[in-house]
Number of protein chains: 2
Amino acid sequence: MTHGWAPPARSGRAASQQDMRRQNLALVMTTVAAHGPLSRAAIAGRTGLTRAAVSSLVEELNTAGLLTELGSLPSGRAGRPGRALALSERGPAGLGLEVGVGHLGACVVDLRGEVRGWLRVAADNRNRPADEVLAELATVSRRAVTEAEGTGLRPVAAVLAVPGLVGEAPGTVATAPNLGWRDVAASGLCAQGLPLEVENEANLGALAELWHGTGTSDFIHVSAAEGIGAALVVGGRLFRGARGFAGELGHVPLCPDGPVCACGARGCLEQYAGEEAVLRQAGLAAGEDAVRRLASRAREGDRCALAALERAGEALGTALAGAVNLVDPEAVVLGGAYAELGDWLLPGMRRELTARALRRWPPKALLVSGLGRRGPLLGAGMAAIRRIIEDPAELTVSRSRR
Amino acid sequence: MTHGWAPPARSGRAASQQDMRRQNLALVMTTVAAHGPLSRAAIAGRTGLTRAAVSSLVEELNTAGLLTELGSLPSGRAGRPGRALALSERGPAGLGLEVGVGHLGACVVDLRGEVRGWLRVAADNRNRPADEVLAELATVSRRAVTEAEGTGLRPVAAVLAVPGLVGEAPGTVATAPNLGWRDVAASGLCAQGLPLEVENEANLGALAELWHGTGTSDFIHVSAAEGIGAALVVGGRLFRGARGFAGELGHVPLCPDGPVCACGARGCLEQYAGEEAVLRQAGLAAGEDAVRRLASRAREGDRCALAALERAGEALGTALAGAVNLVDPEAVVLGGAYAELGDWLLPGMRRELTARALRRWPPKALLVSGLGRRGPLLGAGMAAIRRIIEDPAELTVSRSRR
DNA sequence: ACTAATTTGTTTGCCGCCCTTACGAATAGG
DNA sequence: CCTATTCGTAAGGGCGGCAAACAAATTAGT
């Protein structure tokens, strides 16, 4: 450290010609994914590559089964019509997996982002040996995969959604309190040798929203369940923080002298808007489908429930206003279990946000996720397939690629 | 939008061989900048490039005056010793500029990050025509530049620090309330044709901390002045948010029913820890060197001042705990004017952070900036030079580079 | 219907860049 | 003094994108 510089932030690695090719393959894939069927010339125009280069790239992607030629693509203007290229619907696919407290899930998503297989079975995973849970998930997964293989799909990457924190080592769960897991390695789940990635379920719910939901790519996705978590999506990427613990909205201090929280501090948001607090205020017992019961109470006009939801919405809005001032997102999306309660939570949230957000907060910037409980599993499948799209070189003939 | 994908987040552009070269030139520069004098072989080892490639890259950087050969670099082991390469101390330099409420500043920083010229003059810029201010800054800048040119330096990029928000258009100030500026174009400031970038002074203070301060590259830099701002540094990069307004810590709600703030909401942090509030509680009048007076009062043991600082520290700590839970930084750095008050603010801040941060918060992760008021100007100079280091191709022979 | 214009996709030749291999240079150890 | 080791450079090769030219397919004009 003789010079005064801190270590460089990005790109610690050399760029080779393989990397260039890799990046351009990815560029073609992402371009086609984003802008529908395109001709080679259109891809060239959009990306800045030459038509010749695009031809070469497309051929490579084509033989790998990632792209398909659909047929003529009349442009309306004079000239030879292009041949439409689209993401293949019968080739590599993504496998999404989920371990929930009360269920297991598996889904298969094709390159276009379409769900081609969906399986969800009830299972009481609370304090059940992790091996056992993973073994059952493996059979569920196999069923979904064989079903998908019938329609010409071949899973090539898997992502597992867990209600807990992901470990440093790839493919491991550091801790999942509601499952009773601690340092569980999920590798070996895919005997087929698929690369497996483990990710927090709330984060995957946010990614599902990014890819299947509204157009924005900078938002805070609130997903309240046992705890209140916020996934920050910034520039279309998950923001994980320095150590991967970003997004703990539930323990933002709301009122410094408030009630004591399980975390030891006072007045955390969770004490005002957490599931337990809301149910208590509404006079309901906790339980498996507590949120659903609360929603029906509110629908019936139960005063107590409505007041509790009102207060919770305000608390959420206040805490979110702070987050918005700090992070400056384009939108806030309410997802997770609380999405079902949106009708009653939103007014208070919106009121607080408009009052407290320093930048004008348009009403449309606060919305409810349309994916609901399906978010995490869907996000897992999409994340798996997204991996392929953003680095297709892994599946390509790979003359000598790493 | 026939496919379900949102637009891709990154890399909307094709990669060509020039880009590859560009990236590798930058890689060599950042490597040398970060790890002191290195031989070509050492650079090759660190970056993954071949010795041959490094030789070629180094030669290009050498003829551009960006690198210098220092002499033999004995390794201790057997074998021919390498020739040490270091960032040049007499070539391209960065020009930092600053417009404050009460002063103007200019500095010249060489590639090694060393300050080689420093000029700061008092000037009452409050509600003075922007043209006039910029004209005076230009003369100050010229003096600093001619001085630096005497020692063999040649400024090639400039960054201007302003106490306000930066506009969308490059080189413009959207609004600087304390200066009375609105949509001011700062281009034309550098008649020499240097590329000029405008940036918020607090952000530059944070960057100065990144490059001249402690080793961490993920931190929240609190800089309290008129308002309370937080610059978020994530992975060694400034985090600006979707529209560039991230970091408004001053208006995080601290107590939902607190006193009304100038922003219209209730109980913002600024009402508890802002300069005005603290001075009022301490029984001091506002004014130019109010912070200094407050510090001396505290040093003398003034009960009132100590109590006010205690409360302010607690409030800051509470709000920061929320931010820490949300963003998960490695450290919090107290900078700006409040750095001088660190002795009295830190205890309360630390107490609140340890109590409220969900992840264990080590005491060393909260610290006071050693740069004080020099941060923004220093950061401007460093940012200018950093630009060169991270894209040296701009200064290279450029056979036909864009 | 026929021609001109236009756009697409491919082919060919070229250049740039990194990699591999080989070689001279410079130092430490015996 | 000789050998092992490491450093920097030079020569040859492969790969990948670019520029230009060309054949194919369609529209527009007469």
Side-chain angles (χ1 to χ4, degrees), chain A residues 13-28 37-63 67 69-85 392-393 396-402, chain B residues 11 13-28 37-63 67 69-85 393 396-402:
Chain A
R13 217 69 210 137
S16 66
Q17 295 188 114
Q18 280 91 358
D19 297 325
M20 187 169 74
R21 182 74 172 178
R22 210 183 174 100
Q23 186 175 330
N24 285 338
L25 285 167
L27 182 60
V28 170
L38 292 173
S39 69
R40 291 166 178 76
I43 295 173
R46 259 179 205 285
T47 58
L49 288 160
T50 338
R51 291 203 307 273
V54 172
S55 264
S56 158
L57 293 162
V58 161
E59 199 208 326
E60 187 168 342
L61 293 169
N62 229 328
T63 61
L67 288 182
E69 207 148 307
L70 293 182
S72 194
L73 188 71
S75 66
R77 288 174 308 182
R80 165 179 168 178
R83 274 135 69 197
L85 294 163
T396 236
V397 271
S398 74
R399 265 176 283 288
S400 68
R401 249 177 283 284
R402 41 159 279 128
Chain B
S11 80
R13 218 72 212 132
S16 65
Q17 294 189 115
Q18 280 91 358
D19 296 325
M20 186 169 77
R21 181 73 170 179
R22 209 183 175 100
Q23 187 174 328
N24 285 337
L25 285 167
L27 183 60
V28 170
L38 291 173
S39 69
R40 290 168 177 76
I43 295 173
R46 262 180 202 284
T47 59
L49 288 161
T50 337
R51 291 204 307 270
V54 172
S55 265
S56 157
L57 293 163
V58 162
E59 199 208 327
E60 187 168 341
L61 294 170
N62 229 328
T63 62
L67 288 182
E69 206 148 308
L70 293 181
S72 195
L73 188 73
S75 67
R77 290 174 305 182
R80 167 179 168 179
R83 273 135 69 195
L85 294 164
T396 235
V397 272
S398 75
R399 266 176 283 288
S400 68
R401 250 179 283 284
R402 42 162 277 124

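Keep in mind it's a predicted model, so treat the numbers as computed, not measured. Sequence lines set the chain letters: A, B, ... in the order given, protein chains first and strands last, and positions in each chain run from 1.
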Interatomic distance, B:Arg21 CZ vs D:dG16 P [rounded to whole Å]: 19 Å
Between C:dC18 atom C1' and B:Glu60 atom CD, what is the distance in whole Å? 14 Å
Given 3.5 Å as the limit, does a donor-acceptor pair link the side chain of B:Thr50 with the main chain of B:Ala53, or not? no
Could you state the atom-to-atom distance from CG of B:Asn62 to C1' of D:dG8 in whole Å? 13 Å
Please state whether the base of C:dG16 and the side chain of B:Gln17 form at least one donor-acceptor pair under 3.5 Å? yes
I'd like to check B:Met20 versus A:Gln17 (side-chain heavy atoms, cut-off strictly below 4.5 Å). Are they in contact? yes
Can you see if the side chain of A:Thr50 gets near the phosphate of D:dG17 - specifically, an N or O under 4.0 Å from OP1 or OP2? no
What string of B, S and - do you get for nucleotides 2-13 of chain C, 5' to 3', if B is base contact, S is sugar-phosphate-only contact and - is no contact with any protein heavy atom under 4.0 Å? ----BBBBBB--
For B:Ser56, what residues pass the side-chain hydrogen bond (donor to acceptor under 3.5 Å, both in side chains) criterion, not counting sequence neighbours? B:Arg21
Between the base of D:dG14 and the side chain of A:Gln18, is there any donor-acceptor pair under 3.5 Å? no
Enumerate, atom names and distances included, each donor-acceptor pair closer than 3.5 Å involving a side-chain atom of residues 71-83 of chain A, sequence neighbours excluded.
| residue | atom | partner | partner atom | Å |
| --- | --- | --- | --- | --- |
| A:Ser75 | OG | A:Arg77 | N | 3.4 |
| A:Arg83 | NE | A:Glu69 | OE2 | 2.5 |
| A:Arg83 | NH2 | A:Glu69 | OE2 | 3.0 |

Here the distance between atom C1' of D:dA19 and atom CG of A:Leu49, to the nearest Å, is 14 Å
When the distance from CD of B:Glu59 to C1' of D:dA10 is rounded to whole Å, what number comes out? 12 Å
Protein-nucleotide distance (A:Gln23, atom CD; C:dC17, atom P), rounded to Å: 16 Å
Short side-chain N/O contact to D:dG16 OP1/OP2 from A:Asn24, under 4.0 Å: no
Nearest-Å distance for atom pair CE/C1', residues A:Met20 and D:dG17: 6 Å
Can you give me the closest heavy-atom contact between B:Arg40 and B:Val54, atom names plus distance? O-CG1, 3.7 Å
Considering heavy-atom distances to DNA chain D, does A:Ser72 or A:Gly48 have its closest nucleotide positioned more toward the 5' end? A:Gly48
Heavy-atom distance under 4.5 Å between the side chains of B:Leu61 and B:Leu25, does that happen here? yes
Provide, to the nearest angstrom, the distance between the CG atom belonging to B:Leu73 and the P atom belonging to C:dT27. 12 Å
